[in-house]
There are 2 protein chains.
Amino acid sequence: MNTTDKPLVLVVDDEPAQRALLSYNLKAAGFRVSTANDGEEAMLAIAEDTPDVILLDWMLPRLSGLEACRQIKASAGGRQSAVIMVSARSEEADRVRGLETGADDYIVKPYSVAELIARVKANLRRVRPAAAGAVLEAGDIRLDTESYRVTRAGEALHLGPTEFRLLAALMERQGKVWTREALLDRVWGRDIYIDTRTVDVHVGRLRKALCTHGGADPIRTVRGAGYAMD
Amino acid sequence: MNTTDKPLVLVVDDEPAQRALLSYNLKAAGFRVSTANDGEEAMLAIAEDTPDVILLDWMLPRLSGLEACRQIKASAGGRQSAVIMVSARSEEADRVRGLETGADDYIVKPYSVAELIARVKANLRRVRPAAAGAVLEAGDIRLDTESYRVTRAGEALHLGPTEFRLLAALMERQGKVWTREALLDRVWGRDIYIDTRTVDVHVGRLRKALCTHGGADPIRTVRGAGYAMD
DNA sequence: GGCGCCTGTCACCTTACTGTCACATCCCGG
DNA sequence: CCGGGATGTGACAGTAAGGTGACAGGCGCC
């Protein structure tokens with residue numbers, strides 16, 4: 001899963017015009033976009049940087065959309081992405097086959113751009129709750145992923161980028177314990193190799209920041225396991 | 001799938017030096033390691049004790065890495081392992097072919113040891129999530145493996161890591177009598193050398209913790225056999 | 001170039017946890 | 001009622017895990 005702030009959408013379509021159109025609209029909606037011509041290129045793109053959402057055209061050369069979907073869902077990275085099949089066929093049978101293959105959603109041409117964006121966001125929320133521009137809340141702490149603002153009991157807090165993403169991760173799954181390794185993956189990124197103790201340091205900094213205006217420490221340390229937010 | 005605490009990594013490489021190097025580093029990182037010379041030995045090793053992660057060299061005698069990967073993924077045990085292809089070839093095409101064959105990840109020589117370990121851990125997390133069932137219940141005791149929380153009659157209890165795992169083991173199979181040896185295996189790990197009396201001590205501590213807010217002792221001592229939870 | 005902010009690492013400290021021992025207690029066969 | 005093996009448990013020292021201040025490098029911004 002990519003860990004930058006903007007969600008990444010992969011567009012898989014063999015028509016350049018269609019790719020350009022989708023790219024333009026998705027970028028305008030604040031997403032990063034990568035493109036692929038066919039199923040094989042798609043697998044490459046996924047290995048390169050795992051997208052959050054994949055828009056997959058039904059009709060593809062070489063590797064059909066259906067088969068591409070199966071492979072994506074069978075791969076390590078692709079399993080973490082939401083796959084939306086895009087098709088001109090409106091038949092129910094195809095829809096069923098698409099979903100059976102592991103597609104998460106289905107959208108039929110012709111569609112409005114608004115509908116497309118809405119679908120992407122909906123799936124994004126499911127796959128990566130914090131990235132969809134949601135406001136996360138936990139107790140008296142509010143974190144707005146769109147405006148990058150964090151408040152506690154109404155008081156604004158200043159966090160660095162890393163602390164921000166760390167807090168977002170913790171709040172995304174309240175109560176759940178994150179191991180240091182999982183946090184490194186989620187906050188720092190999959191291909192970054194960093195000492196796990198660094199997580200401790202950042203948790204410490206985050207704690208200090210969260211308590212600047214008083215209030216109890218909201219982060220729970222689980223000895224031998226990791227950290228959790230309550 | 002093996003069930004001890006230490007994950008098992010199978011290294012498949014025809015160069016003894018390479019095997020030794022990988023083994024050393026993986027063991028240093030806390031993994032158990034088995035090795036295989038080629039694809040056929042790999043299949044044997046998998047039948048012996050299913051590894052959690054398989055490091056598969058691209059170039060192998062007799063059975064190419066690609067073909068070996070296909071066979072592994074087609075076998076009963078191998079399907080449960082994450083396969084990481086290790087290759088000197090950096091060509092994109094190979095990467096695709098590797099992933100198409102069912103490899104879960106791909107790493108290209110030369111790679112740093114840190115990267116290798118990180119990859120192994122990342123795949124391990126995916127293959128073997130901490131625990132299957134999130135919440136265990138027995139009587140008025142609740143144990144949540146995701147949030148690492150234990151409550152009795154609603155009251156939160158504080159347990160150390162070992163006590164937590166011990167309780168989880170007992171609750172996982174209510175009524176079953178665990179021998180001290182089995183508990184040592186399950187809670188402490190397979191090849192850990194510890195006095196069996198230590199189990200008694202921890203059971204005692206666990207009992208005390210479970211009864212802090214009153215309530216009957218839920219752990220039954222079976223004289224001459226071990227312990228069980230009712 | 002100077003400055004300040006953010007980051008990752010390290011070293012040191014504190015604390016909780018752990019494994020073992022010694023001794024008390026219990027259970028059961030004889 | 002007794003002896004011996006099995007279990008309960010308080011004490012204790014060693015250790016591993018986590019908290020934290022310090023520091024140097026990187027980076028963007030004046």
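Proteins come first, then strands; the chains are lettered A, B, ... in the order of their sequence lines, and each starts at number 1. Keep in mind that what you see is a predicted model, and the values were worked out from it rather than measured.
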Trainee: Round to the nearest Å and state the distance from A:R220 atom CZ to D:dG19 atom P.
Mentor: 13 Å
Trainee: Contact class for A:V222 vs. all strands (heavy atom < 4.0 Å): base, sugar-phosphate, or nothing?
Mentor: sugar-phosphate
Trainee: Verify salt bridge (charged side-chain N to carboxylate O under 4.0 Å, His left out) between A:R173 and B:E146, making sure each step is shown before the conclusion.
Mentor: CA-CA 10 Å; A:R173 308 180 103 167; B:E146 250 190 2; 5.3 Å; no
Trainee: Rounded to whole Å, please give me the gap between CZ in B:R207 and C1' in C:dT25.
Mentor: 14 Å
Trainee: Of A:T221 and B:G204, whose closest DNA chain D nucleotide lies nearer the 5' terminus?
Mentor: B:G204
Trainee: What integer distance in Å separates B:H202:NE2 from D:dG8:P?
Mentor: 15 Å
Trainee: Measuring to OP1 and OP2 of C:dC6, would you say a side-chain N or O of A:H158 lies under 4.0 angstrom away?
Mentor: yes
Trainee: Just wondering, do A:V199 and A:Y227 contact through their side chains at under 4.5 Å, heavy atoms?
Mentor: yes
Trainee: Take atom CG of B:L183 and atom P of C:dT18, then tell me their distance rounded to the nearest Å.
Mentor: 15 Å
Trainee: Knowing that exactly one of A:R207, A:M171, A:Q174, A:R152 qualifies, which makes a side chain to side chain contact (heavy atoms under 4.5 Å, CB included) with A:P218?
Mentor: A:R152
Trainee: For C:dT9, does OP1 or OP2 lie under 4.0 Å from any side-chain N or O of A:Y193?
Mentor: no
Trainee: With A:R165 as reference, evaluate A:L183, A:V187, A:L159 under the side chain to side chain contact (heavy atoms under 4.5 Å, CB included) test and give the passing residue.
Mentor: A:V187
Trainee: When the distance from CZ of B:F164 to C1' of C:dT18 is rounded to whole Å, what number comes out?
Mentor: 18 Å
Trainee: Just how far, in rounded Å, is P of D:dT9 from CZ of B:R197?
Mentor: 11 Å
Trainee: Reckon B:W188 has a side-chain N or O less than 4.0 Å from the OP1 or OP2 of C:dG19?
Mentor: yes
Trainee: Side chain of A:P161 only, please: which of C:dC6, C:dT18, D:dT7 is the nearest?
Mentor: C:dC6
Trainee: For the pair made of CZ in B:R165 and P in C:dC17, what is the distance, rounded to whole Å?
Mentor: 13 Å
Trainee: Is the phosphate of D:dG19 approached by A:K208 (side-chain N or O, under 4.0 Å from OP1 or OP2)?
Mentor: no
Trainee: Go through the N and O atoms of the side chain of A:R205 and the base of C:dG8, and report whether any donor-acceptor pair is under 3.5 Å.
Mentor: yes
Trainee: Where does the angle between the aromatic ring planes of B:W188 and B:H202 fall among parallel (under 30°), tilted (30 to 60°) and perpendicular (over 60°)?
Mentor: perpendicular
Trainee: Looking for any heavy atom pair under 4.0 Å, which part of the strands does B:V203 touch: base, sugar-phosphate only, or nothing?
Mentor: nothing
Trainee: D:dG21, C:dT20, D:dT7: which one has an atom nearest the side-chain heavy atoms of B:D195?
Mentor: C:dT20
Trainee: How many whole angstroms separate atom CZ of B:R223 from atom C1' of D:dG4?
Mentor: 10 Å
